[in-house]
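We number each residue from 1, following the sequence as shown. These values consider heavy atoms only, across backbone and side chains, with no hydrogens, waters or symmetry-generated copies.
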Amino acid sequence: MHKCRSNEASILIASLVPFFCQRMELLFVYLIISATISGALASDPDLLQDVCVADFASGTKVNGFACKDAANITAADFFFDGLAKAAVPNNPFGAVPTLAFVNQIPGLNTMGLSLARADFAPGGLVTPHTHPRATEIVFVLEGILDVSFITTSNVRVSKTIKKGEVFVFPRALVHFLKNNHHKPAAVLAAFNSQSPGAQLVVPALFGSTPAVPDDVLAIAFQTSNEEVKKIKSNFAPKN
């Protein structure tokens, strides 16, 4: 009798294996589809017409900009020459960006991409920052740069890149670029968003309005309130 029940149990388990395998396959397909949909929703929305040139004068509030009347569209809406010449990096950081986002090129509205250029003096730095809405890929126009991004596990991924080479900064991760060499450098950057956004880490913490409380920063950076006040003074509004 015991052996008979054992055989019956084996037969039952064997009959259930295809059932569970089929369910696991369906679950796997569901997860893949969900991930794909989530990825699509995480990027800029697709356009539903040929173009949707941004109408900056419109009072309509949408995710992006309202569309300009098609009858008023011109070639100028899709043109920008601001990246053709190097900018002069005359700020304290020795690096300056030139943006070609939707605000500079209205025709980028709903297109899901944009460009920027960054010019570096010797020793220049694009300080640690994030782009909350886009992955960034940079192409070195001239010079040599040391670039890094930091993962959410606090691992720094770094590389020295030179003219003609490309490097990718994953979306929303903190990253920076520095010219540690004796000649100027420049990069062209592309983003998969018409408006990638940029949050500079240090000004966000020490120059926000209203200010982050001194004691919060002192504890976070394991320093004194006096040191925090000293750093904040560097980011106080200039009159």
For the pair Thr151 (side chain) and Val155 (backbone), establish whether a donor and an acceptor sit closer than 3.5 Å, ignoring hydrogens and angles.
yes
Quick one: do Val62 and Val51 end up in the same hydrophobic cluster if we chain Ile, Leu, Val, Met, Phe, Trp and Tyr together by side-chain heavy atoms under 4.5 Å apart?
no
Is Arg156 reaching over with its side chain to a backbone N or O of Phe149, donor-acceptor style, under 3.5 angstrom?
no
Under the side-chain contact (heavy atoms from CB on, under 4.5 Å) criterion, do Val140 and Lys162 qualify, and how do the steps go?
CA-CA 6 Å; Val140 183; Lys162 60 184 183 297; 5.6 Å; no
For residues 87-107, the ring-ring contact (aromatic ring centres under 6.0 Å, His included) pairs (sequence neighbours left out) are Phe101-Phe191
For Ala218 versus Ser224, what's the shortest heavy-atom pair and its separation?
CB-C, 3.9 Å
Restricting to pairs with a member in residues 75-96, which pass side-chain hydrogen bond (donor to acceptor under 3.5 Å, both in side chains), not counting sequence neighbours?
Lys68-Asp77
Expected output: side-chain Ser58 to main-chain Ala66 donor-acceptor under 3.5 Å:
no
Around Asn63, counting heavy atoms of other residues, nucleotides and ligands shown, do more than 12 lie under 6.0 Å from its CG?
no
What disulfide (SG to SG under 2.5 Å) pairs are there with at least one residue in residues 61-158, not counting sequence neighbours?
Cys52-Cys67
Under-4.0 Å salt bridge between Lys229 and Glu226:
no
To the nearest 0.5 angstrom, please state how far the CG atom of Leu83 sits from the CG atom of Leu115.
6.5 Å
Measure across Ile144 and Asn179 and return the closest heavy-atom pair with its distance rounded to 0.1 Å.
O-OD1, 3.3 Å
Within the structure provided, determine whether Val126 and Phe120 are in side-chain contact (heavy-atom separation under 4.5 Å).
yes
Smallest heavy-atom separation, Asn192 atom then Thr135 atom, equals OD1-N, 2.8 Å
Worked check of side-chain contact (heavy atoms from CB on, under 4.5 Å) between Leu113 and Leu108:
CA-CA 7 Å; Leu113 78 164; Leu108 284 179; 4.0 Å; yes
Evaluate the criterion side-chain contact (heavy atoms from CB on, under 4.5 Å) for residue pair Val147 and Phe169; output intermediate values, then yes/no.
CA-CA 9 Å; Val147 299; Phe169 299 112; 3.8 Å; yes
Quick one: are Leu141 and Val187 in side-chain contact, heavy atoms under 4.5 Å?
no
Quick check: is Phe80 connected to Phe78 through a chain of hydrophobic side chains (ILVMFWY, heavy atoms under 4.5 Å apart)?
yes
Closest heavy-atom contact between Val212 and Ala204?
CG2-O, 4.4 Å
Looking at Asp119 and Ala86, would you say the former's side chain and the latter's main chain have a donor-acceptor pair under 3.5 Å?
no
Value rounded to 0.5 Å, distance of CD in Gln199 from OG in Ser208
9.5 Å
Could you tell me if Glu136 and His175 have a donor-acceptor pair between their side chains, going purely by distance under 3.5 Å?
yes
Rounded to the nearest 0.5 Å, the CG atom of Leu99 sits from the CG atom of Asn103 at a distance of 8.5 Å
Close side-chain approach of Thr160 and Leu145, heavy atoms under 4.5 Å:
no
Heavy-atom distance under 4.5 Å between the side chains of Leu177 and Leu125, does that happen here?
no
How are the rings of Phe206 and Phe235 set to each other: parallel, tilted or perpendicular (split at 30° and 60°)?
parallel
Lys/Arg N to Asp/Glu carboxylate O, Asp146 vs Lys159, below 4.0 Å:
no
Student check: side-chain heavy atoms of Phe176 and Thr127 closer than 4.5 Å:
no
Do Leu217 and Leu205 come within less than 4.5 Å of each other through their side chains, counting heavy atoms only?
yes
Any Pro106 side-chain heavy atom under 4.5 Å of Phe56 side chain:
yes
What one should report as the nearest heavy-atom pair of Ala185 and Gly143 is CB-CA, 3.9 Å
Evaluation steps, side-chain contact (heavy atoms from CB on, under 4.5 Å), between Phe139 and Phe167
CA-CA 7 Å; Phe139 173 81; Phe167 193 79; over 6 Å; no
Taking the side chain as every heavy atom from C-beta outward, state whether Gln194 and Asn109 have any atom pair closer than 4.5 Å.
yes
Closer than 3.5 angstrom, by distance alone: can the side chain of His129 be matched with the main-chain N or O of Ala198 as a donor-acceptor pair?
no
Would you check if the side chain of Lys183 reaches a backbone N or O of Ala121 as a donor-acceptor pair within less than 3.5 Å?
no
Minimal non-hydrogen separation, Lys232 against Ala211, with atom names:
NZ-CB, 3.7 Å
Arg117 and Thr98: side chain donor to acceptor below 3.5 Å:
no
Please determine whether residues Val168 and Val138 belong to a single hydrophobic cluster, defined as Ile, Leu, Val, Met, Phe, Trp and Tyr linked transitively by side-chain heavy-atom distances below 4.5 Å.
no
With no hydrogens and no angle check, is any side-chain donor or acceptor of Arg171 less than 3.5 Å from a backbone partner on Pro132?
yes
